[in-house]
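Have a look at the structure below before the remarks.
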Amino acid sequence: MSASKKNTLLGTGGELHQQAGGEHPPLTTQQGVTLSDNQNALRAHPQGPTLLEDFILREKITHFDHERIPERIVHARGTGAHGYFELTHSLEAFTNAQVLTEVGVKTPVFTRFSTVAGGSGSSDTPRDVRGFAVKLYTQQGNWDLVGNNVPVFFIQDAMKFPDLVHAVKMEPDRGFPQAASAHDNFWDFISLTPESMHMVMWIMSDRTLPRSLRTMEGFGVHSFRLLNAAGESTFVKFHWRPRLGMQSTVWDEAVKIAGADPDFHRRELFEVLDAGETAEWDLAVQLFSQADADKFPFNHLDATKLIPEELVPLQVIGRMVLDRWPDNFFAETEQVAFCPSHLVPGIDFSNDPLLQGRLFSYLDTQLSRLGSPNFAQIPVNAPKCPFANHQRDGQMQMAVPRGRVNYEPSSLSPQSPREDRRTGFASVAVDEGGARGRVRDESFADHYSQARQFYISQTEPEQAHLASALVFELSKVEHLHIRQAMVGHLRVIDTALAKRVATGLGLSELPEAAKPAVPVQTRDASPPLSLIGNAKATLQGRAVGILVADGSDAAAIAALKKAAQAAGARVKLIAPRVGGVKLSNGKHLDADGQLAGTPSVMFDAVALVLSAAGGKALSQEAAAVDFVRDAFGHLKAIAADAGAQAVLQAGGIQPDAGVLGAGDLKAFVAAASTRQWAREPSVRTLA
Ligand code: HDE
């Protein structure tokens with residue numbers, strides 16, 4: 001090494017780096033010039049100014065300065081994964097879209113899940129709707145099914161979307177709250193927008209507190225059309241149903257997870273895929289004709305309405321398997337560009353006025369975020385089937401099209417692409433006669449009947465959660481008249497609910513009821529609308545945390561771990577120090593997490609295996625006491641051996657059916673497979 005180079009690297013870490021050895025490829029500039037020194041800028045002399053001439057420094061920092069692109073105005077916080085969709089039942093009678101007719105074919109997908117309101121750095125677990133956007137790279141082009149985990153929406157007309165989003169996002173004068181609907185602007189807008197009442201029931205329910213991305217449903221929300229070879233069209237609604245069943249957290253838990261691990265959902269998906277496991281959903285459809293729709297007591301083109309399964313049953317037609325984490329978050333998850341207007345032949349839009357507005361918005365947003373009409377050339381956005389057209393040039397053009405012809409029709413090149421009337425995209429030929437106008441159809445006027453149906457379809461704990469969520473959110477609202485207006489709407493939905501919320505808010509009397517535009521209908525409860533009622537009792541997809549300390553019983557730990565893993569759970573060992581513990585048999589056991597950094601909110605059930613001394617010591621430790629107190633408060637099963645009783649006592653735990661001995665393996669696995677809903681009234685006062 002020359003004298004000058006030695007001097008350059010002295011104390012910078014560069015020496016250590018160079019000694020680390022290995023056959024590394026050369027580090028180059030963007031122009032391919034190899035760097036000799038990546039630790040120091042070019043200076044006039046050792047203590048002198050940095051030279052403008054340093055093109056290497058300038059290139060590096062300029063690129064860095066431009067690393068961020070605008071985050072999505074909604075759905076900024078998200079995570080995605082690759083996988084495939086496999087059709088199991090052909091819809092040949094209804095559509096000529098190959099992705100829905102070719103059974104067994106695996107269509108690659110990229111799926112991105114998101115929250116709606118928070119910025120890209122917000123946490124994963126606020127109370128919020130989740131985006132559920134699937135890009136299917138079909139052999140006939142890309143099909144984007146850009147849905148949510150709730151089957152309805154706040155508004156009926158695209159005209160209101162900017163108002164809705166402005167109202168829910170942080171207030172413009174103060175810049176808060178981040179990722180929270182519990183503030184005046186949101187509830188002011190909602191209380192003046194009766195069409196949002198059905199969605200309000202959904203967002204205040206446990207649906208907006210998913211335990212995992214793998215345990216939430218997805219919905220295309222709008223009606224779409226299928227189109228078959230004979231030119232006949234059928235309406236369709238798309239549903240993704242999680243194979244693990246639905247699960248949610250409780251509110252206090254979601255709040256604490258946000259502090260303990262803001263990346264809770266994306267980390268879990270990462271860990272699952274990293275371990276070679278998968279995340280899976282069934283794709284189900286509801287198919288119906290115009291004649292069927294004419295008999296519905298609502299208009300299916302109104303995105304604030306769902307079609308109850310009792311009216312049109314779901315048919316499972318395939319499954320989606322996510323099995324690969326992206327190689328690079330920015331290149332794929334951040335740059336993926338979903339557009340509801342990305343459809344394939346055999347599928348078409350309906351006249352849902354919200355969907356119609358979305359068809360414009362997403363393309364426009366991609367131009368603003370990705371900066372060029374060539375965003376489809378980014379690998380995650382590019383079709384995986386052949387594609388060719390005469391679109392040329394533009395910023396960041398990556399393709400080098402050959403030849404003379406960049407127009408059509410043309411006689412100069414037999415290779416130049418042409419339309420194909422036989423296989424090309426066809427729109428359903430609908431007669432759109434009628435009077436033009438800024439109008440809303442009268443069939444959209446009933447805003448309360450399905451809100452009521454949703455509420456009465458919930459189990460008792462879910463109704464209590466929903467009422468409590470309303471009390472929580474409206475308690476954050478400073479203006480009394482907004483709280484009163486909301487309770488006025490609730491009176492129309494369900495009197496008992498209105499009373500619960502009014503009592504929770506401390507309103508001395510029930511405010512005046514809202515005046516519905518049309519009479520509200522009472523429909524029968526629809527059991528599929530309940531989350532708890534449809535949850536699966538299983539340890540599959542759940543996590544169990546075992547708290548251990550020096551002197552813990554090796555055999556008891558091993559037996560618990562084995563039983564939980566055999567039932568499908570992921571198991572983590574938590575210890576006071578991450579380096580691990582010395583067990584009763586003198587052996588060392590590595591820990592997966594440190595107690596203070598791995599609270600029980602990370603798990604669906606917990607076990608404590610402690611020696612008498614270990615239990616005594618941890619009963620003085622706030623993190624250990626909170627570990628059991630929170631697990632109990634969040635209605636989780638707890639297994640504890642004799643030594644751990646001291647911690648349980650310090651936490652004030654009154655043993656119930658979900659608190660078991662550490663050797664009670666069968667009972668623990670059964671209790672851990674669900675939540676102890678019966679415990680809830682004993683741990684918190686719900687509205
Ligand atoms: Fe979106 N929405 N949206 N939306 N939306 C966006 O597009 C918009 C709506 C949904 O993971 C934006 O690329 C309008 C309903 C998801 O990248 C933007 C209207 C549903 C995602 C946009 C709606 C959704 C978005 C922002 C009313 C459920 C994230 C960034 C007419 C069916 C996709 C972007 C991803 C994203 C506009 C209503 C779902 C601004 C104008 C209803 C899952 O274009």
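Just follow the structure's listing: the first ligand is 1, and inside any ligand the first atom is 1. Computation of the quantities below employed the complete heavy-atom set of this structure, encompassing side-chain atoms and omitting hydrogens, waters and symmetry-equivalent molecules.
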Given 3.5 Å as the limit, does a donor-acceptor pair link the side chain of [X] with the main chain of [Y], or not?
| X | Y | value |
| --- | --- | --- |
| E67 | H63 | no |
| S205 | W202 | yes |
| S191 | W187 | yes |

Tell me whether ligand 1 is touched by A303 - counting only heavy atoms on the residue side and a distance under 4.0 Å.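 False for this residue.
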Ring pair (Phe, Tyr, Trp, His ring centres under 6.0 Å), that's the test. Do Y362 and F338 meet it? Break it down for me. CA-CA 7 Å; Y362 290 65; F338 293 97; 9.0 Å; no
To check you understand the geometry: which heavy-atom pair defines the closest contact between V336 and R369, and what is its length?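 Of all heavy-atom pairs spanning V336 and R369, the closest is O-NH1, 4.3 Å.
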Verify whether one side chain among [X] and [Y] offers a donor that lies under 3.5 Å from an acceptor in the other.
| X | Y | answer |
| --- | --- | --- |
| E217 | W240 | no |
| H265 | R211 | no |
| T138 | Q140 | no |
| D144 | H342 | yes |
| E309 | S526 | no |

Using heavy atoms and a threshold below 4.0 Å, how should the contact between [X] and ligand 1 be classified: side chain, backbone, both, or neither?
| X | answer |
| --- | --- |
| R369 | neither |
| V221 | side chain |
| F161 | side chain |
| T365 | side chain |

Looking only at distance, does S114 have an N or O less than 3.5 Å from an N or O of ligand 1?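 Checking ligand 1 against S114, no N or O pair falls under 3.5 Å apart.
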Please write down residue, atom name and distance for the protein heavy atom closest to [atom].
| atom | value |
| --- | --- |
| atom 13 (O) of ligand 1 | Q366 NE2, 3.0 Å |
| atom 18 (C) of ligand 1 | S361 OG, 3.8 Å |
| atom 36 (C) of ligand 1 | Y362 CE2, 3.5 Å |
| atom 43 (C) of ligand 1 | G147 O, 3.1 Å |
| atom 32 (C) of ligand 1 | R358 NH1, 3.2 Å |
| atom 10 (C) of ligand 1 | H75 NE2, 3.2 Å |
| atom 17 (O) of ligand 1 | R72 NE, 2.7 Å |
| atom 28 (C) of ligand 1 | N148 ND2, 3.2 Å |

L287 and F235, any side-chain heavy atoms less than 4.5 Å apart: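 Answer no - side chains too far apart.
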If you count the atoms of ligand 1 from 1 in the order shown, which ones are under 4.0 Å from a heavy atom of [X]?
| X | value |
| --- | --- |
| A158 | 31 (C) |
| F338 | 11 (O), 17 (O), 33 (C), 35 (C) |
| G131 | 43 (C) |
| F132 | 43 (C) |
| I73 | 40 (C) |

Would you mind telling me which of I190, V116, D128, T208 makes a side chain to side chain contact (heavy atoms under 4.5 Å, CB included) with I203?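 Testing I203 for a side chain to side chain contact (heavy atoms under 4.5 Å, CB included) against I190, V116, D128, T208 leaves exactly one candidate, T208.
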